A.B. asks: 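Mind having a look at this structure? Questions to follow.
By convention in this document, chain letters (A, B, ...) are assigned in the order of the sequence lines, proteins followed by strands, and residues within each chain are numbered from 1. Owing to the predicted nature of the structure, the values given are computational and were not obtained by experimental measurement.
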Amino acid sequence: MAYTYGNTQNAAERIKEISGVNPLKCMKCGKCSATCPAFNEMDIKPHQFVTYVQNGDIEALAQSKSLWKCLSCFACVERCPRDVKPGKLIDAARQLVVRERGQNYLTADEIPELLDEETPQQLLVSAFRRYRR
Amino acid sequence: MSIEAKEEFRPKIVAFCCNWCSYAGADLAGSSRLSYPADVKIIRVPCSCRVNPMFILRAFEKGADGVIMCGCHPGDCHYTTGNYYARRRMTLLFSMLDFIGVENGRTRVEWVSAAEGVKFSQTMNEFVEKIYSLGKNVRLEDLRCRN
Amino acid sequence: MYKIEKENLEALFRKIAESQDLILPIKKAGQTNFGLWNEEEEADLDTLKTVKSGKDAFFPQSETLYTVVRDGKKLTVEPEALRNRPFVVFGMKACDVKGVAVLDKVFLADPVDTFYAARREHGTIVAMACHEPEESCFCKVFGTDAADPAADADTKGIADVAVWMVEGSLYWKALTGKGETLTEAVKELLTPSDDGQAKVDAEKEAIRSIVEKLPYTHLSLEGWDGNATDEKFGSSVWETLYKPCLACGTCTFVCPTCQCYDIKDYDTGHGVKRYRCWDSCMYSDFTMMAHGNNRTSQMQRFRQRFMHKLVYFPANNGGMYSCVGCGRCVEKCPSSLNIVKVIKAFEKHGGEK
Amino acid sequence: MQELIARAKELLADGTVARVLGWKAGDLPYNPEAAYFETAESLDEFVYNGFCGQNLSKMMIEASKLEGKTLVCLKPCDTYSFNQLIKEHRVDREKAYIIGVGCKGKLDVEKIRKMGIKGIQGISGAELTDDCEELHISTIYGDKTVAYKDAMLERCHVCKGKEHMIYDEIIGESKDTKDADRFAEVERIEKMKPEERFAFFQKELSKCIRCNACRNACPACSCRKCVFDSTKFDSAQKANVDSFEEKMFHIIRAFHVAGRCTDCGECSRVCPQGIPLHLFNRKFIKDIDTFYGEYQAGADAESKGPLTSFTFDDVEPGVVAERG
Amino acid sequence: MQRIGVFVCHCGTNIAATVDVKKVVEMTAKEPGVVHAEDYQYMCSEAGQAKIINAIHEKNLTGIVVCSCSPRMHEATFRKAAQKAGLNPYMVEIANIREHCSWIHKDMEEATLKAVILARAAIAKVNLDAPLQPGESLVTKRALVIGGGIAGIQSALDIAEAGYEVDIVEKLPSIGGRMSQLDKTFPTLDCSACILTPKMVEAAAHEKINIYTYSEVEKVSGFVGDFTVDIRKKARSVDMSKCTGCGVCSEKCPSKKNPNEFNRGLNNRSAIYIPFAQAIPNVPVIDREHCTKFKTGKCGVCSKVCAAGAIDYEQKDEIITQKYGAIVVATGFDVIPLDKYDEYAYSQSKDVITSLELERIMNAAGPTKGHLERLSDGKAPKNIVFVQCVGSRCSDERGKSYCSKICCMYTAKHAMLIRDKYPDTNVTVFYIDVRTPGKNFDEFYRRAVEDYGVNYVKGQVGKVIPQPDGTLMVQASDLLENKQILMEADMVVLAAAIEPNKDVRKIATMLTASIDTNNFLTEAHAKLRPVESPTAGIFLSGVCQGPKDIPETVAQAGAAAVKAIGLLAKDKLTTNPCTAHSDELLCNGCSQCANVCPYGAISYEEKQVNDHGIRETRRIAVVNNALCQGCGACTVTCPSGAMDLQGFSNRQILAEVDAICR
C-alpha cells in the first residue's frame, strides 16, 4: 500500500499506528523540549511535533530538518509525564518518509548480524535509517 | 468468525454487579454516556460474595453466552471481606469450567469501583468482543432452553 | 433357525439401522449400556450385564409428556408425539425380557400408559441367551431360563427373536410375527442353518448346567408371596437390615422392573416442559406431598422397595414377583445390600414377627 | 481380625461402648456390609478384609444421635473424613470410640471383573493378616491369581498415608500402597485441548444415571437436604434430562465439598457407572494447593477451610484464562 | 401470584429519546402477573408518584416495578410512594433503563428490547418479593475523628459545639497536622501557626473533646450508629499526668542525631522530644527506636533530670475500646516520594528541595531559623527556580494523574515572600498552567508577577544538573518563545504532588469505606453527597477525600461535622431488613457461614425442630438481624441453601437470570 504524506489523514493515522502514540494525551508541558539534546538543531521542536501530528500536518514534518536531527536518545520518551513519547512520533514520521522514498537500504536479514544485544533495537533501526549512506 | 455470522449472533451476557461499587460504576458509565453493547444485562447483588456458582451455571444453562462478575476492588469491599471470598470461589469455579472444557473466555471477574465508569464500559466492550469471538455457548447450555 | 457369523454382525446392525433405530449394548467410557447404535459406537455383546437393564428402550429415564408454550399471558399445550417409528432392541437377556413382562403388567393395564404402549408396539426385541452366567445371577429363582428367553411362561410373546452366540456364530430364531418381519428384513445377511438347532441345544445345556452351580440359584422364596404382607411388614428384621442403606437410587435405576416415576416441570424460559423421570422409592423426597412424605424413615423406604417386589406386586399380579433375578443390584449396591440378602435375612430369622 | 473382635467384646462388656460399627460378612466373597453389633455373639459375624472399603465415618452422623458411645472402625483415610465431620459439628467426638484399623489397600471387585474374571466363588489373600500381595480367586470358570495391587481401588494407589488422624486406639498394621501421583490424571487432562477435555467429560458424564450414590456415600455431602432435592432453591433435579444437568450436578457437588473433601474416593468407588468422579474433587484440591497453599481437609478438626478464608493477595480469577 | 403494576418513566427525553416507552408498556403488560402498565414523563415527580399510588389503590397491586433511573437514585422515592399507598416498600423493584440502557445505547430498537428485558427481570424479582419490616438500632451519641489536623480539629470542634462527645485520634505525638508545618498561608499571607494554634488550644480545652495523640485506630466493628473501635494508645514513655512540659529532658538527652520529622528531616532532634513549640499536648515522647536507654538499656538521663518524675520506661501500649455513633475520617496527606524523579536531582543535591521543605526553611522555628539559605553551604541563593507539577497530572506510575490543586497558589506565595524578603533574589517559576480558581487567588498570582517581579515561564524543566561549583544547571523549555533554556540556579524548589496519607488504605479497610485508585476515599455521590462515604456513618473531612486548600478543608470539615451531628441527633435508626435468614429445616449447623460472616452476626443454637414428623434437637444457625448487613457471603458458603438473603433471595436472583436469558 502506497502512502503519500500529502494525504494527511492517512499519514497521521499511520504515524500513530507505527508509534503507538496517542498525541491527544499531550498536555503541552514542554518537558520533551526541555530535555532534548538536539533542540537547537531542530526546526520543528519535539513538543511541536506532537501538535503537528494532532493537526495532521505531516507534509511539514516530512520536510523538516528535525526528522534527521533527532538522536533517538529517547530522553523525551523517558521524561514525558503523559506517556506521549514524542521521540517515537519522530521515529515513525522518519520511517514513513524513508518508506515513501523507497530507500530502505538494509534488508531484514542483515539486521540481526549487526545487533548488539545490549542496544535497544529501536535505536539501531532509527540510526540505520539516518546514517545509511 | 465471519462478519456475516457476527451480525446474526447476538450473545446473551449476564453481568452480576455489586451494589456498592460496580453497579455504581455502571451507573457512572451511563451518566458519562460511555456506551457498551446492549447484549450486557446487569443483575444487582449486594456484594460479589452473594454470587453463587449456581447462578452462573444457571445463566449458562438458560442460554447465556458469557457471564461476568464485577465487585469492589479487593480491600474496598463495602462489607470488608466479601470480595475476597468471591475471588476464591470464582477462581475455583472458573478453573473447573476450564477443566471440563468450557472456553475460559466465557467467564470473567473484574473489580470496578464506583468511580470507574470508564473501566466498566471498557471491560464490557472487551468482554462482549471476546464473547463474539467465541460464538454461541454450546458446551454449557440446556438444549431445552433453545428458542 | 438361521445363523450369521460374528464378524458379519456389524453388517447386520447396519442393515437394521437403515430402516429403524437399533438399540443394543454399547461400550462407552468403559461401561456397557443399551444405547442407540451408529457406526461410531462400539457394540458390546460380550458383557453379560449392561449396567442399566434394557428397560429404558420402552420406559426411558426421562421423557417429555407435553410442552406448554407461553406467549405473553396465553398458554398453549402441545402434547408430545407418541413413538411411531419402529425400533429394535438387540441383546436383551432373559431376565431383561422378563423385566419387560413385569413392566407390561403395570403400564399396559388399564389405564394404559400410551407412551409405553406406543414403544412396545413399535419395538422388536431380539433376546440373547446368557453364554456365561455369573455368581450374582439368580433368574432361575423366578422361573426364568437364562438359556432360552422364550422358555418362561410369563415371557411368552415378549421376545420377538431369540439368538444364541455359539463358537463365533450367532444363531437366530424368530419367535413372533414381529420377529418374522425383522428376519425377513435382514434375510440377505442370514443363512439357514441345518445343524443350528443341535448347536443351540448343546449351548442351552451348557448354560443350564452353569446356572445350577451358581451360589444364588437355590435361593428359597418360601414365605414370600402376596399373602405375606402383615407378617413381613411388621418384622423387626428390617430395623437392622436397612442400616447400611445410603438411600441412593442405584438399585432402582439399574433394576429392570422398577417402574416408579416422578412428574416434573422444566421452565425453558419460553414455556414449560412437563416430563416424567425415574424416581426411586429409596429417596427421601419420593412421593413428596404438600404435607410431607408418608414414609419418613429410611427403614420404611427400604422396606417398601422389597415388600413391593416380593409381596405387593405378586399380590396384585397373579403371583408374579417384580424381581427377575438379574443380580444388577447385587453387583452395584454401594453398600453391598441387595434383595438376596433381604430374602436370606428373613430365612435366617425364620421370618419371626 | 481376632484382636479387634476381642477388644470390641471387651469394650462392649465393660460398658465403654454401647455398640460396634464395623463390617459383617456378606454372602459372596466380596460383599461385606457395614453393620452395627450390639452383643458379643453378633460379633461372630464381624469381618474386616480387603473388601471393607466403605468409609464408616458418615454413618457416625446418625450414630452420634444414639444413646451411649459407638465403637467405630476407621481406616487411616476414613479418619480425615471424621475430623472434617467434627469440624462441621456433624458428629460428636464424645459419642465415638475410634479404633483405627490397619489397612493394606482396599479392593475393587469391578477391577477384578474387568480382568474378565467372572463366576467368582471364593477369594483368598484379602485378609488384613495376609501380606496382601496376591489374590487367589476361584470361579466357576476356573481358578485365577491376580496381583493384589491390580485389584486395588484407585484411591489406594494414591494413598494419603497409613497414619490415622484421630483415634482412641489402633489395631492392625497398615501398608504403604501409594504407587502413583495423586494429580497425574488431573494433569493429563489439563494438558489436553479444551475440546478434548470437553469430549472426555461429556463421555464420562453421559453415563451418569443420577442415582445419587456418589452424593449419598460422600462424607462431606452431609446436608440434611441436598440443594438438588430442595424446593427452596429452585434447583431441584432428579434426572439427567439434558447433558447440562449432569455437569451442573457434578460441578456444584464438587464445589460444595471443595476445601472440605478429604479425597477419600468414596464417590468413585460407589459409582455404578464407573465415572471417575474423584477427578472433580482432585482438580479443586490441586487448584487449592497451587493457589492458596497445600491444604488437606480433615488433617485436623479446627482449621478454617480454604473457601472460608482468604489472603489479601490471592490470585485473581483471571489466572484461569491467563494460563491458557 | 402477585398483582404487579409496571411504571415506565420517560425521564423527559433522557429515557424516551432512546427507549420506546410505549412499547415497553405494551410488552411488559403481557407478562404474567402484570395487571397494570403505564408510562409517564417523570415518575419521580409528585404527579408521577400519584399515578403509582392511584394504581396501587385502584388495581389492588401487590407489587410494583418502576422502569426508570438507577435504584441508587430513586429506589427510596418509589418505596416511600408505595408505602404511602399502603404497600410494603420492599414490594418495589426498579428496572434501571436509564443509566444501564437509554444513556449508553443509540439504537432505539435495541435499547427498547433491552429495557423490556430489564423490566422482565424486575417483574420476575417482584413476583418473589416478600414484604419486609425494617428493624431498629440505637445510636451511640459519640463521634470519633480520625486525624488531628485542621480538618479533624474543625470537625471535632463543630460536633462538640453541638453538644456531642468527640474523640480525636492522632497518630503523631501532637495534633496540628500538615498545617502546623506551614509558614504562611495564601492568599492572605497570615502566619499559619497564628491561626492554627488557637484552634488546637480550643480543641484541647473543650470539655466535650477528648484527644488521643500518639494513638492509632486498631480495629473497627459494628455499623452506623453503633461502631465499636479499638484505639491503640502507643506508649509515650512519659506520664502525661505528671509532665509539666518544661523541656529539660529534651535538652539533656544525649541522643540528638535523630532526623526531625516535623522539619522534614532537614535537621535533628533528640530521642525524647516535643515535635514543635506549640504542640498539644505539650508533653514529650520517647522515640524508642533511637533512645539509648531502649537500645542499650543504659542511659536514663531524662528520667534523672525530670523533676516531675514523669518518665516511665515501662509504659506499655494501651488499648482503649469505645463505642461511637459516627466516624469522621480526616487522615490528610503527604507529598509523594521523589526518588523516581532522577532528572530533578532531588536525591543528588541538598539544594533541590520540595515546597514543604521550603516552608520549614522559611519558618522561624525551622532548621535555618527562617533564613533563606542553601542547605548545602548555608549561602543565600541568588537564583531560585520553582518547578510546577512534579508528579501531578502524570499518566505514568511515577506520579499521580490528578492535579494537586494547591501547588500553583503556594508557589506564588513562596515566590512572593522570597522576592519580598530578599529582593536581590531572582525567582523563576516554570509552569504548565497556572490554576487559580478561588476567591482572590488570581489576584494573588498576578501580584506575584506584577508587583513582585516573579519570572513565570510557560514550559517545563527537563533536567537539573548539579555543577561542580555547587550550582545547579537547569535545562528547561520556554514554549512561548519556542526556546530551550539553560540557566544556573542556586536552589530548585519542586512542587511535588500530594497523595493521601499512607495509612488511609488500612483505615478504609477497617471502616469498609471505599477508596479510589489514588487512595482518596470515595464519596457517596460525587456531587450531592461529597462529605459522606458510601458506608453509612462514615464522613469525610479534608484532603483524604481529594486535594484541597485550607479554606476548603475547613468548609468540608464543618460539612462532615454537620452530617455527623445529623446522625447523632437521632435516637434510633431503622435497619436494613435485607438480612440473611437460616431455614432451620435445611441448616446443617456446620459453622461454615459463621466463618465467613464479617460482622459476627451468626451464632448457633441447639433447637428442637419438627422436620416433617421427625422431631429432634439440631444445631441451627441463627442470624442477629441488627448485626447482619446483608452481604450474602454466608448464603454462598451454605451448601444446602439453608441460608438465604431477604430481598436478594436465591430464587429471586435465579428468576432474574432466567428472565434475562429467556
A.B. asks: Could you tell me which of E:C631, E:G632, E:C634 has the largest number of non-hydrogen atom pairs under 4.5 Å with chain B?
C.D. replies: E:C631
A.B. asks: Is the shortest distance from a Lys or Arg side-chain nitrogen in E:E93 or B:R44 to a carboxylate oxygen in the other one below 4.0 Å?
C.D. replies: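 Salt bridge flag = no for B:R44 with E:E93.
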A.B. asks: Would you mind telling me which of B:S48, B:C18, B:C49, B:A24 has the largest number of heavy-atom pairs within less than 4.5 Å of chain E?
C.D. replies: B:C49
A.B. asks: Please flag which part of B:C77 lies under 4.5 Å from any non-hydrogen atom of chain E: side chain, backbone, both or neither.
C.D. replies: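 Backbone only.
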A.B. asks: Work out which heavy atom in E:K114 is nearest to a heavy atom in B:V40; give both atom names and the distance.
C.D. replies: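 E:K114 and B:V40 have their closest heavy atoms at NZ-O, 2.9 Å.
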A.B. asks: With only heavy atoms counted, which part of B:A29 is less than 4.5 Å from chain E, the side chain, the backbone, both or neither?
C.D. replies: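 Interface part for B:A29: backbone (N, CA, C, O).
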A.B. asks: Examine whether an atom of E:R98 lies under 4.5 Å from a heavy atom of chain B, and if so say whether it belongs to the side chain, the backbone or both; otherwise answer neither.
C.D. replies: neither
A.B. asks: Between B:V51 and chain E, with a heavy-atom cut-off of 4.5 Å, which part of the residue counts as in contact: side chain, backbone, both or neither?
C.D. replies: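 When you check distances to chain E, only backbone atoms of B:V51 fall under 4.5 Å.
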A.B. asks: Does any donor atom in the side chain of B:R50 or E:N650 lie under 3.5 Å from an acceptor atom in the other side chain?
C.D. replies: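 E:N650 and B:R50 do have a side-chain donor-acceptor pair below 3.5 Å.
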A.B. asks: How close do E:I104 and B:Y36 get, counting heavy atoms only, and between which atoms?
C.D. replies: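 Closest approach of E:I104 to B:Y36, heavy atoms only: CD1-CZ, 3.2 Å.
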A.B. asks: If I measure from the heavy atoms of chain E, does B:F55 come under 4.5 Å with its side chain, its backbone, both, or neither?
C.D. replies: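 Both backbone and side chain.
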A.B. asks: Which answer fits B:E116, side chain, backbone, both or neither, if we ask what part of it has an atom under 4.5 Å from a heavy atom of chain E?
C.D. replies: side chain
A.B. asks: Report the distance from atom CD of E:E99 to atom OG of B:S31, rounding to the nearest 0.5 Å.
C.D. replies: 6.0 Å
A.B. asks: Which atoms of E:N576 come close to chain B, meaning under 4.5 Å heavy atom to heavy atom: side chain ones, backbone ones, both, or neither?
C.D. replies: neither
A.B. asks: side-chain contact (heavy atoms from CB on, under 4.5 Å) for E:V657 and B:M54? Distances and angles first, verdict last.
C.D. replies: CA-CA 11 Å; E:V657 169; B:M54 291 180 88; over 6 Å; no
A.B. asks: Go through it in stages, so that I can follow the logic: the residues are B:L34 and E:W103, the test is side-chain contact (heavy atoms from CB on, under 4.5 Å), and I'd like the CA-CA distance, side-chain angles, deciding distance and then a yes or no.
C.D. replies: CA-CA 8 Å; B:L34 299 164; E:W103 274 354; over 6 Å; no
A.B. asks: Counting only N and O atoms by type, is there a donor-acceptor contact under 3.5 Å from the side chain of E:R72 to the main-chain atoms of B:N19?
C.D. replies: yes
A.B. asks: Minimum heavy-atom separation for B:Y79 to E:G630, with atom names?
C.D. replies: OH-O, 3.8 Å
A.B. asks: CG/E:L118 to CD1/B:I42 distance, rounded to the nearest 0.5 angstrom?
C.D. replies: 8.0 Å
A.B. asks: Might you confirm whether atom NE2 of B:H73 has over 12 heavy atoms from other residues, nucleotides or ligands at distances under 6.0 Å?
C.D. replies: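 Yes, the 6.0 Å shell around NE2 holds more than 12 heavy atoms from other groups.
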A.B. asks: Just so I know, are the side chains of B:D76 and E:R505 near enough to count as touching, which here means a heavy-atom distance under 4.5 Å?
C.D. replies: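 B:D76 vs E:R505: side chains touch.
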A.B. asks: What is the distance from atom NE2 of B:H78 to atom OG of E:S533, rounded to the nearest 0.5 Å?
C.D. replies: 8.0 Å
A.B. asks: Under a 4.5 Å heavy-atom cut-off, does chain E meet the side chain of B:V14, its backbone, both or neither?
C.D. replies: side chain
A.B. asks: For each of B:A38, B:P53, B:C47, B:S35, tally heavy-atom pairs with chain E at distances under 4.5 Å, and name the one with the top tally.
C.D. replies: B:A38
A.B. asks: How long is the gap from CG on E:L645 to CG on B:N52, to the nearest 0.5 Å?
C.D. replies: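 Taking CG in E:L645 and CG in B:N52, the distance rounds to 12.0 Å.
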A.B. asks: Could you tell me whether a side-chain N or O of B:K12 sits under 3.5 Å from a main-chain N or O of E:C661, the two making a donor and an acceptor?
C.D. replies: yes
A.B. asks: Could you please spell out the steps behind the side-chain contact (heavy atoms from CB on, under 4.5 Å) verdict for E:K106 and B:R33?
C.D. replies: CA-CA 10 Å; E:K106 294 201 173 69; B:R33 311 299 197 275; over 6 Å; no
A.B. asks: Could you grab the distance from atom SG of B:C21 to atom CD1 of E:I515, nearest 0.5 Å is fine?
C.D. replies: 11.0 Å
A.B. asks: Pick from E:P71, E:S102, E:P598: which one has the most heavy-atom pairs with chain B under 4.5 Å?
C.D. replies: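 The option with the most such pairs is E:P71.
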A.B. asks: Measure distances from E:A508 to the heavy atoms of chain B and classify the residue's part below 4.5 Å as side chain, backbone, both or neither.
C.D. replies: neither
A.B. asks: Quick one: CD on B:E61 to CG on E:L654, what's the gap to the nearest 0.5 Å?
C.D. replies: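 Here the rounded value is 9.0 Å.
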A.B. asks: Highest number of heavy-atom pairs under 4.5 Å with chain E: which of B:A64, B:A26, B:G63?
C.D. replies: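 Top option by heavy-atom pairs under 4.5 Å: B:A26.
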A.B. asks: Hey, is E:E656 close enough to B:R58 for a salt bridge, meaning N to O under 4.0 Å?
C.D. replies: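 Judged by the 4.0 Å cut-off on N to carboxylate O distance, E:E656 and B:R58 do not form a salt bridge.
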A.B. asks: For the interface with chain B, which of E:I653, E:T535, E:D516, E:T509 has the highest count of heavy-atom pairs at distances below 4.5 Å?
C.D. replies: E:I653
A.B. asks: I would like to know whether E:T637 and B:R89 meet side-chain hydrogen bond (donor to acceptor under 3.5 Å, both in side chains); could you show each step before the answer?
C.D. replies: CA-CA 9 Å; E:T637 298; B:R89 289 168 187 160; 2.7 Å; yes
A.B. asks: Report which part of B:P74 has an atom under 4.5 Å of a heavy atom belonging to chain E: side chain, backbone, both, or neither.
C.D. replies: backbone
A.B. asks: Measure B:F16 against the heavy atoms of chain E and call it side chain, backbone, both or neither at under 4.5 Å.
C.D. replies: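 Contact with chain E: side chain only.
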A.B. asks: Would E:N96 and B:D27 count as a side-chain contact (heavy atoms from CB on, under 4.5 Å) if you check the C-alpha gap in whole Å, the side-chain angles of each, and the deciding distance to 0.1 Å?
C.D. replies: CA-CA 9 Å; E:N96 184 349; B:D27 281 356; 3.0 Å; yes
